[in-house]
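Okay, structure first, notes after.
Ligands are counted one by one from 1 in listed order, and the atoms in each one are counted from 1 as well.
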Amino acid sequence: MTNVTDQDRVLIFDTTLRDGEQSPGATMTHDEKLEIAELLDDMGVDIIEAGFPIASEGDFKAVSEIAQRAKNARICGLARANFADIDRCWEAVKHAEKNRIHTFIGTSPLHRAIPNLTQDEMAEKIHETVSHARNLCEDVQWSPMDATRTEWDYLCRVIEIAIKAGATTINIPDTVGYTAPIESADLIKRLIETVPGADEVVFATHCHNDLGMATANSLAAVAGGARQIECTINGLGERAGNTALEEVVMALRTRNDIMPWKTGIDTTKIMHISRRVATVSGFPVQFNKAIVGKNAFAHESGIHQDGMLKNRENFEIMRPEDIGLSGTSLPLGKHSGRAALRDKLETLGYEVGDNQLKDIFVRFKDLADRKKEVFDDDLIALMSADDEANDHLQLVSMKVTCGTGGQAEATVELEVDGKDVIATEHGDGPVDATFKAIRAIYPNKAHLQLYQVHAVTEGTDAQATVSVRLEEDGMIATGQSANTDTVVASAKAYISALNRLIMRREKAGPGADAREISYKDLT
Ligand code: KIV
Ligand code: ZN
């Protein structure tokens with residue numbers, strides 16, 4: 001069991017790889033999950049919810065490999081309230097030095113109606129499943145899903161049952177983002193005061209952001225006595241997302257005068273992991289997002305710039321360095337050498353071997369020839385782009401002509417499994433024509449779910465990062481690419497997504513879906 005002896009310490013439970021990854025389209029590859037888990041472990045996250053092992057073979061493998069690799073964090077898996085889920089979860093987490101089974105069931109009237117259980121039947125199920133989990137693992141977390149819409153008496157009753165059955169952490173999910181700070185604090189406080197045995201366990205808060213109150217609700221829950229915050233990087237998650245890790249951690253740090261609780265997070269690792277999660281999930285961070293948004297430390301207006309130059313505390317309550325931003329950005333150019341490039345990449349949190357550096361250096365020089373200055377964001381885009389093995393399809397060349405009436409013509413040449421194929425298509429604008437030409441070369445029924453352009457640097461020679469998300473028979477794949485030419489970046493992102501789809505299809509075998517079941521199948 002996670003032993004919280006210090007009452008001022010708040011445990012950080014990160015669910016980017018479970019609740020975050022479950023949000024439609026945010027699917028990550030196995031290697032990406034391992035990478036994110038390593039970064040979370042390294043930054044001091046106390047508990048990593050690594051996935052939902054019974055959901056698919058892929059989830060199971062990811063959770064068990066993360067469990068075997070973790071150095072400091074406790075590794076947790078999710079399980080519904082049945083023995084098969086719990087056994088599978090234990091199989092996945094059991095090799096971790098510190099492990100946890102997290103089992104849950106929806107307790108509100110609406111959620112009880114899904115499996116059609118009476119209050120008594122559900123209470124019995126909770127007793128059986130939590131006891132079963134506790135017989136396997138000494139650290140068990142139990143969640144009454146939709147707790148904030150569960151009747152008070154019934155909530156107290158089921159929490160007491162779970163504690164008696166051996167739960168060591170009681171998580172109170174605000175599943176639909178319905179609560180508000182005053183209520184959130186009060187709920188936790190009253191539960192701790194009322195439920196027998198509550199002082200023996202850790203209370204956790206798990207908030208969704210439907211009304212934009214997830215961070216405030218989580219901090220209020222801590223004020224009410226919760227000592228574990230469940231959160232995700234960049235607030236990734238179902239619908240409007242989960243509580244953002246970077247927000248609660250930096251709020252506790254910056255306003256420690258009025259919120260005297262501490263976490264074990266090395267905040268200087270925040271920016272790098274935020275960028276990696278944005279890249280691998282294909283969910284870019286909004287420019288004005290608190291803490292990690294591109295503009296979070298940018299001061300544009302004359303008055304603000306003047307104030308900043310006199311004293312940065314005039315307009316900054318946190319230092320960019322506290323979250324791992326270099327503060328000042330020293331651009332590299334075409335005369336910069338390999339050592340300078342390696343040094344800059346290391347500052348940005350990338351460790352590159354000699355061979356990888358050689359390859360990146362060639363692409364860096366190519367970029368530096370086209371741009372006057374190469375900024376930090378350019379390098380991040382360069383590192384994020386094309387990091388998938390584009391085995392099947394590769395862009396050889398493309399030519400696009402735009403007409404004034406919106407019609408465009410694209411001629412695209414692709415290497416398809418080693419063979420060059422060319423197609424010319426017309427479309428509603430250059431991107432539409434390009435995607436049509438790619439589809440003419442490689443016919444597929446993938447449906448375009450998302451197309452997003454993100455100019456990551458300023459000026460007309462900016463690097464544009466393009467994200468493309470494709471869906472085919474329930475499988476989702478995201479591709480990203482960065483280029484000074486937006487249409488080229490679009491073509492490469494589309495091709496990268498197609499390559500990932502092909503790879504997943506091959507791995508899954510004929511007729512297989514990417515995810516076999518969802519945690520919403522609450523039977
Ligand atoms: O939001 C929620 O209720 C959940 C549970 C599985 C804890 O994610
Ligand atoms: Zn959730």
Which of the numbered atoms in ligand 1 are under 4.0 angstrom from any heavy atom belonging to Asp19?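 Checking each atom against Asp19, I get 8 (O).
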Enumerate the atoms of ligand 1 whose separation from the nearest heavy atom of Met145 is less than 4.0 angstrom.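 Counting from 1, the qualifying ligand atoms are 3 (O).
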Does Phe60 reach the side chain of Ile54, with side-chain heavy atoms less than 4.5 Å apart?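 Phe60 vs Ile54: side chains apart.
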Is there side-chain contact between Met271 and Arg275, with heavy atoms separated by less than 4.5 Å?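 With C-beta onward as the side chain, the pair touches.
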Under 3.5 Å: N/O of [X] near N/O of ligand 1:
{"X": "His208", "value": "yes"}
{"X": "Ser143", "value": "no"}
{"X": "His206", "value": "yes"}

Is there a heavy atom of His102 sitting under 4.0 angstrom from any atom of ligand 1?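 Contact check His102 vs ligand 1: positive.
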Is the closest heavy atom of Glu238 to ligand 1 under 4.0 Å?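 Glu238: no contact with ligand 1 (<4.0 Å).
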Determine whether the side chain, the backbone, both or neither of Thr175 has a heavy atom under 4.0 Å from any heavy atom of ligand 1.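 Both the backbone and the side chain of Thr175 come within reach of ligand 1.
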Heavy-atom pairs closer than 4.0 Å: do any link ligand 1 to the side chain of Arg18, the backbone, both, or neither?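 Looking at Arg18 and ligand 1, just side chain atoms fall under 4.0 Å.
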Using the test salt bridge (Lys or Arg N to Asp or Glu O under 4.0 Å), find all partners of Lys71 that sit at least two apart in sequence or belong to another chain.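 Not a single residue meets the salt bridge (Lys or Arg N to Asp or Glu O under 4.0 Å) criterion with Lys71.
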Salt bridge (charged side-chain N to carboxylate O under 4.0 Å, His left out), that's the test. Do Arg74 and Asp46 meet it? Break it down for me. CA-CA 6 Å; Arg74 184 173 292 278; Asp46 299 284; over 6 Å; no
Would you say the Zn ion (ligand 2) has Glu230 as a near neighbour, meaning an N/O/S atom of that residue under 2.8 Å away?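 Of the N, O and S atoms in Glu230, none lies under 2.8 Å from the Zn ion (ligand 2), which means no.
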Looking at His208, which of its N, O or S atoms is the nearest one to the Zn ion (ligand 2)?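 Of the nitrogen, oxygen and sulfur atoms in His208, the Zn ion (ligand 2) lies nearest to NE2.
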Just give me the atom name: the N, O or S atom of Asp19 closest to the Zn ion (ligand 2).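 Output for this pair reads OD2.
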Can you confirm if the NZ or CZ of Arg112 lies within 45° of the ring axis of Tyr154 and under 6.0 Å from the centre of its six-membered ring?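 Cation-pi check for Arg112 and Tyr154: passes.
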Tell me whether the rings of His132 and Phe83 are parallel (<30°), tilted (30 to 60°) or perpendicular (>60°).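 Ring orientation of His132 relative to Phe83: parallel.
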Partner of Leu155 by side chain to side chain contact (heavy atoms under 4.5 Å, CB included), out of Leu191, Thr194, Val195: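 That would be Leu191.
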Using the side chain to side chain donor-acceptor pair (under 3.5 Å) rule, take Asp139 and Gln141 through it: C-alpha gap first, then chi angles, then the decisive distance, then the call. CA-CA 7 Å; Asp139 189 311; Gln141 172 166 327; over 6 Å; no
